[in-house]
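Here is the structure we will look at.
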There are 2 protein chains.
Amino acid sequence: MTARKGHFVDGYLAALLAQASHLISTEFHSIVRRHGLSVSEWRILATLSDGESISIGRLAQITLNKQPTLTRLLDRMQKRAQVQRVPHGLDRRITLVCITPAGLRTVSQLIRLAKKHEQRVLEPFGLARAEQLKTTLRRMIELHRSPAVERDSRARKS
Amino acid sequence: MTARKGHFVDGYLAALLAQASHLISTEFHSIVRRHGLSVSEWRILATLSDGESISIGRLAQITLNKQPTLTRLLDRMQKRAQVQRVPHGLDRRITLVCITPAGLRTVSQLIRLAKKHEQRVLEPFGLARAEQLKTTLRRMIELHRSPAVERDSRARKS
DNA sequence: TGCCGATATATGCAAAATCATGGATCGCAC
DNA sequence: GTGCGATCCATGATTTTGCATATATCGGCA
């Protein structure tokens with residue numbers, strides 16, 4: 001434990017979530033670095049790995065980046081030909097982003113490794129408990145996602 | 001949901017943890033800001049709120065900051081008389097940090113608000129499920145905390 | 001049509017975070 | 001004691017981030 005029993009932060013949900021998220025992510029990030037990606041770049045490519053194009057704003061929400069930060073990351077990744085900006089056909093304010101074949105090759109390896117890593121992380125808890133954890137997290141995310149995103153998610157389903 | 005069903009990131013534990021952590025924390029952080037603190041400052045003060053002194057390195061781990069970042073944050077907070085640096089009696093490499101009465105006053109209010117916020121977040125899940133979530137997270141943290149910290153945590157108790 | 005508020009992305013600049021490293025101290029072998 | 005690798009915190013230099021705002025486009029309405 002974090003020593004000091006009964007201390008506020010030891011039982012505070014936000015602290016537990018942040019700590020767990022940080023520890024689990026950090027473990028995998030050393031692997032990500034070895035493949036030449038930063039953490040944000042990995043998140044971006046993983047999000048795009050299904051081949052669908054997606055707006056910059058929405059990508060920012062999913063990858064937990066501010067929009068200006070993401071714009072600059074995309075600039076760099078586009079120079080490396082990992083992603084590509086594509087104009088939206090109907091709304092010219094929107095810039096869509098999609099992954100390139102090169103980006104996909106890179107991220108595919110990492111996704112395989114990520115799945116293995118996840119399996120190792122969840123193994124001590126058993127399948128049932130692991131699924132339960134994920135379900136709880138998904139429900140929590142659903143409950144706290146901003147209304148704008150929900151609308152967006154429903155409206156733009158291809 | 002995040003649209004696109006069956007997509008890797010929708011079921012990836014690290015992504016779920018990061019999203020949930022981000023959403024829950026962000027909600028409360030608007031309140032934190034209103035009390036004149038940055039997010040990191042809130043984490044630091046909350047960690048110190050039990051009045052115990054703690055080394056800078058350990059504080060960095062708990063608050064998820066890199067050590068140089070924390071040093072600068074502490075500089076600022078010390079100028080505002082929210083925290084205080086205290087030399088370690090036995091090991092002069094170590095600098096301990098503890099909260100000041102002023103810092104404690106600030107953080108006490110926030111802790112009350114944080115508890116209320118947490119209650120609202122967990123309410124839809126019920127007490128049993130909420131406790132189970134926390135238990136799982138704590139165990140996960142325990143399993144992945146670096147060996148150095150475990151040793152530290154046991155060795156330096158009081 | 002032309003105007004206006006809203007939305008989506010880009011960018012200038014100041015603040016913040018991070019890497020690499022420095023300086024001090026410690027534990028320990030000899 | 002002396003030397004040496006390890007540990008802890010501070011700091012200089014650089015990169016990264018994010019706020020505020022600019023630019024472009026949209027939808028609707030007079």
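Predicted model only: the values in this text are computed from it and were never measured.
Phosphate proximity of C:dA10 to A:Thr71: present, with a side-chain N or O under 4.0 Å from OP1 or OP2. OP1 and OP2 of C:dA10 both lie 4.0 Å or more from every side-chain N or O belonging to A:Arg72. In this structure, A:Arg92 does not reach the D:dA24 phosphate: none of its side-chain N or O atoms is under 4.0 Å from OP1 or OP2. For A:Arg93, no side-chain nitrogen or oxygen approaches OP1 or OP2 of C:dA6 to under 4.0 Å.
One can place CG of B:Leu96 at 12 Å from P of D:dC8, the figure rounded to the nearest angstrom. The distance between atom NE2 of A:His88 and atom C1' of C:dT7, rounded to the nearest whole Å, is 13 Å. Across the protein-nucleic acid pair, A:Ile56 atom CD1 and D:dT25 atom P stand 15 Å apart, rounded to whole Å. A:Asp75 places its CG atom 15 Å from the C1' atom of D:dT15, with the value rounded to the nearest Å. For the pair B:Ile94 CD1 and D:dA6 C1', the computed distance is 13 Å after rounding to whole Å. Atom CZ in B:Arg43 sits about 11 Å away from atom P in C:dA17, given to the nearest Å. If you measure from atom CG of B:Leu64 to atom C1' of C:dA17, you get 14 Å, rounded to the nearest angstrom. To the nearest angstrom, P of D:dT16 lies 9 Å from CG of A:Leu73.
Heavy-atom neighbours of B:Gln119 CD from other residues, nucleotides or ligands within 6.0 Å: at or below the threshold of 12.
Not one N or O on the side chain of A:His7 forms a donor-acceptor pair closer than 3.5 Å with the backbone of A:Asp10.
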Please list, pair by pair, any protein nitrogen or oxygen found under 3.5 Å from a nitrogen or oxygen in nucleotides 14-16 of chain C.
from	atom 1	to	atom 2	distance (Å)
C:dA16	OP1	B:Arg76	NH1	3.3

Contacts under 3.5 angstrom, residues 67-74 of chain B side chains, donor-acceptor by atom type, not counting sequence neighbours:
from	atom 1	to	atom 2	distance (Å)
B:Gln67	NE2	B:Thr71	OG1	3.1
B:Thr71	OG1	B:Gln67	O	3.4

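Across residues 26-40 of chain B, not one residue has a non-hydrogen atom less than 4.0 Å from an atom of DNA chain C.
Between B:Glu41 and the choices B:Gln82, B:His35, B:Arg80, the side chain to side chain donor-acceptor pair (under 3.5 Å) rule is met once, by B:Arg80.
Contact of the B:Arg129 side chain with the B:Leu122 side chain is not registered, since no non-hydrogen atoms from C-beta on lie closer than 4.5 Å. A 4.5 Å side-chain heavy-atom check between B:Leu45 and B:Leu104 finds every atom pair outside the cut-off. At least one side-chain heavy atom of B:Leu143 sits less than 4.5 Å from a side-chain heavy atom of A:Phe125.
Here the closest non-hydrogen pair linking A:Asn65 and A:Ser40 is OD1-OG, 3.6 Å.
Using cut-offs of 30° and 60° on the angle between ring planes, the pair A:His117 and A:Phe28 is parallel.
Taking only distance into account, the side chain of A:Gln67 meets the base of C:dA10 through a donor-acceptor pair shorter than 3.5 Å.
Across the interface with DNA chain C, nearest-nucleotide mapping of B:Pro68 and A:Arg85 shows A:Arg85 to be the residue nearer the 5′ end.
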